[in-house]
Asks: 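Let me give you the structure first, and then I'll get to my questions.
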Amino acid sequence: MLYPKNGPKPLEAEDGEKIHGPPTPHRIKLSSEQEETTTRSKQVIPEKKKKTTTGCALSPVQFSEEKKQKPVTRKRRKQNTTNTTTTTTIIKKVSADTNHKLTEYYTVRRSVRKCKTTVLEEKQRDLESKIISGCEDGLEVRTFAGKGRGIVTTREFTKGEFVVEYIGDLIDQVAAKKRENQYAQDQNTGCYMYYFQHRNQQYCVDATAESDKLGRLVNHSRNGNLITRIVEVKSIPHLVLIAKDDIAQGVEVTYDYGDRSKESIRYHPWLAL
């Protein structure tokens with residue numbers, strides 16, 4: 001190779017070999033294999049060109065285009081119904097074990113108030129039971145000057161409470177009139193006949209005959225602390241005496257006989273009191 005006269009002189013290596021500088025201009029010549037690879041990497045693939053050969057490496061541009069054009073499809077998993085059912089059952093069981101009602105921690109206060117019908121039914125049953133048993137508790141016989149025998153309380157009675165039954169012979173009005181005529185012949189015979197009406201029929205309780213029943217000894221007073229009431233037990237009417245107001249202990253019990261006839265007052269003047 002020829003060099004210009006005024007150009008750089010060859011350099012000498014340590015072993016005496018001359019080293020020439022690079023040619024100007026210069027070009028690096030590659031081998032045929034390297035040249036082919038470099039040329040292929042410099043080629044630009046059109047945007048619409050798709051991959052046709054499997055197994056070939058793609059450039060970054062080709063890879064991004066393929067990723068955009070081909071959507072990724074995912075397979076849907078088949079749900080395991082058995083496991084889901086089992087899990088749901090376990091959750092329900094745990095909830096049942098852990099959940100508690102409010103009533104387990106706090107006592108529910110229920111109203112003790114009763115309706116009017118229930119109260120009346122209970123009172124009716126109470127009256128019937130006392131009539132059947134012949135109850136006369138809380139009473140005693142006492143003698144009063146100018147009046148004779150009477151009944152006094154030995155305990156307190158509340159308003160509307162059963163006190164005693166007026167017990168005697170239950171007869172109709174025809175039989176009662178016959179007996180009354182017989183009793184009128186004896187001036188010492190007291191007035192122990194009580195007339196009343198029940199279910200459109202006239203009745204009379206005749207307690208004239210001497211007995212140990214206290215109801216027949218309850219005296220008359222227009223302002224008495226007892227009232228009469230008819231209670232039917234097994235289709236039979238009973239005449240009972242109920243507390244008109246609260247009655248204290250040691251008080252005489254009385255009620256209004258209701259007889260205002262002139263003849264009765266003439267023979268029994270105390271009926272007007």
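Basis for what follows: all heavy atoms, side chains included, without hydrogens, waters or symmetry-related copies. Just so it is clear, the model here is predicted, and its values are computed rather than measured.
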Asks: Evaluate salt bridge (Lys or Arg N to Asp or Glu O under 4.0 Å) for Lys213 paired with Glu136, printing each intermediate quantity in order.
Replies: CA-CA 8 Å; Lys213 300 302 180 182; Glu136 292 182 340; 5.2 Å; no
Asks: Are side-chain N/O atoms of Glu128 and Gln124 paired as donor and acceptor at under 3.5 Å?
Replies: yes
Asks: Could you label the plane-to-plane angle of the Tyr203 and Phe196 rings as parallel, tilted or perpendicular, counting under 30° as parallel and over 60° as perpendicular?
Replies: parallel
Asks: Tell me the closest heavy-atom pair linking Tyr166 and Arg216, and the distance in Å.
Replies: CE1-CA, 3.7 Å
Asks: Please determine whether the number of non-hydrogen atoms from other residues, nucleotides or ligands lying under 6.0 Å from atom CZ of Arg229 exceeds 12.
Replies: no
Asks: Just by distance, no angles: are the side chains of Glu180 and Tyr195 close enough, under 3.5 Å, to form a donor-acceptor pair?
Replies: yes
Asks: Output the distance between atom CZ (Arg199) and atom OG (Ser235), rounded to the nearest 0.5 Å.
Replies: 8.0 Å
Asks: Between Glu210 and Arg149 (salt bridge meaning N to carboxylate O under 4.0 Å), is one present in this structure?
Replies: yes
Asks: Would you say the side-chain atoms of Thr158 and Glu161 include a donor-acceptor pair closer than 3.5 Å?
Replies: yes
Asks: Would you kindly confirm whether Leu226 and Val205 end up in one hydrophobic cluster when ILVMFWY residues are joined by side chain heavy atoms under 4.5 Å apart?
Replies: yes
Asks: Give, for atom CD1 of Ile230 and atom NE2 of His198, the distance between the pair rounded to the nearest 0.5 Å.
Replies: 7.5 Å
Asks: Hey, could you give me the CG/CD distance between Asp126 and Glu121, rounded to the nearest 0.5 Å?
Replies: 13.5 Å
Asks: Please tell me whether Tyr255 and Ile151 are part of a single hydrophobic cluster in this structure, the criterion being side-chain heavy atoms less than 4.5 Å apart.
Replies: yes
Asks: Can Val253 be reached from Ile167 by stepping across I, L, V, M, F, W or Y side chains whose heavy atoms are under 4.5 Å apart?
Replies: no
Asks: Identify all side-chain donor-acceptor contacts of residues 238-251 below 3.5 Å with residues at least two apart in sequence or on another chain.
Replies:
unit_1	atom_1	unit_2	atom_2	d
His238	ND1	Glu165	OE2	2.8
Asp246	OD1	Lys159	N	2.7
Gln249	NE2	Thr154	O	3.2

Asks: Assess the side chains of Ser221 and Asn223: does a donor N or O sit below 3.5 Å from an acceptor N or O?
Replies: no
Asks: Going by heavy atoms in the side chains, are Val152 and Leu139 under 4.5 Å from each other?
Replies: no
Asks: Quick one: do Val141 and Val164 end up in the same hydrophobic cluster if we chain Ile, Leu, Val, Met, Phe, Trp and Tyr together by side-chain heavy atoms under 4.5 Å apart?
Replies: yes
Asks: When you look at Asp137 and Arg155, which way does the salt bridge (Lys or Arg N to Asp or Glu O under 4.0 Å) test go after all the steps?
Replies: CA-CA 9 Å; Asp137 298 337; Arg155 68 173 179 85; over 6 Å; no
Asks: Is a salt bridge present between Glu252 and Lys147, judged by a nitrogen-to-oxygen distance below 4.0 Å?
Replies: yes
Asks: Does the side chain of Arg142 reach to within under 4.5 Å of the side chain of Phe144, using non-hydrogen atoms?
Replies: yes
Asks: Strictly by modelled atom types, are Thr228 and Tyr194 linked by a side-chain donor-acceptor pair under 3.5 Å?
Replies: yes
Asks: Quick one: CG on Asn219 to OH on Tyr257, what's the gap to the nearest 0.5 Å?
Replies: 5.5 Å
Asks: If the threshold is 4.0 Å, N to carboxylate O, is there a salt bridge linking Arg222 and Asp256?
Replies: no
Asks: If only atom types and distance count, is the side chain of Asp186 paired as donor or acceptor with the main-chain N or O of Gln182 below 3.5 Å?
Replies: no
